[in-house]
Amino acid sequence: MGTATSSRSLATRLALLDAFAAGAGLGYLAHEYREVIVANPGLIGLTLLFTFVSGYLIRTAVRALRRASSRVETIFAEELGKKPSPRPR
């Protein structure tokens with residue numbers, strides 16, 4: 001079985017590949033629609049701002065959910081540890 005390090009490495013590689021693909025796609029679109037971009041810089045700026053803020057909010061939500069999950073797991077582990085054994089004595 002794989003370790004946590006190898007799965008993180010794989011996730012990092014996939015994230016970099018996704019970023020490259022997104023960058024290449026955006027570069028192609030920017031090349032094709034050059035006149036539109038130059039004509040509407042305010043709209044492009046607001047779109048980029050919205051995109052970055054959305055990414056930050058998603059990241060914050062994921063971190064909060066992970067913290068909550070670890071707290072719930074800790075509570076379950078403590079409660080299950082206090083439970084008497086199901087075997088007869």
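All values below come from the heavy atoms of this structure, side chains included, with hydrogens, waters and symmetry mates left out.
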key: side-chain hydrogen bond (donor to acceptor under 3.5 Å, both in side chains) against Arg13, all qualifying residues, sequence neighbours excluded   = none
remark   = Between the CG atom in Leu65 and the OG1 atom in Thr60, the distance rounded to the nearest 0.5 Å is 11.0 Å
ask   = Once you round to the nearest 0.5 Å, how far does CG of Leu57 lie from CZ of Phe52?
value = 13.5 Å
Mind listing the side-chain donor-acceptor pairs of residues 30-42 below 3.5 Å, one per line with the distance, residues two or more places apart or on another chain?
residue: His31; atom: ND1; partner: Arg34; partner atom: NH2; Å: 3.3
residue: Asn40; atom: ND2; partner: Val36; partner atom: O; Å: 3.3

message = As an exercise, state the distance from OG1 of Thr12 to CG of Leu17, rounded to the nearest 0.5 Å.
response = 12.5 Å
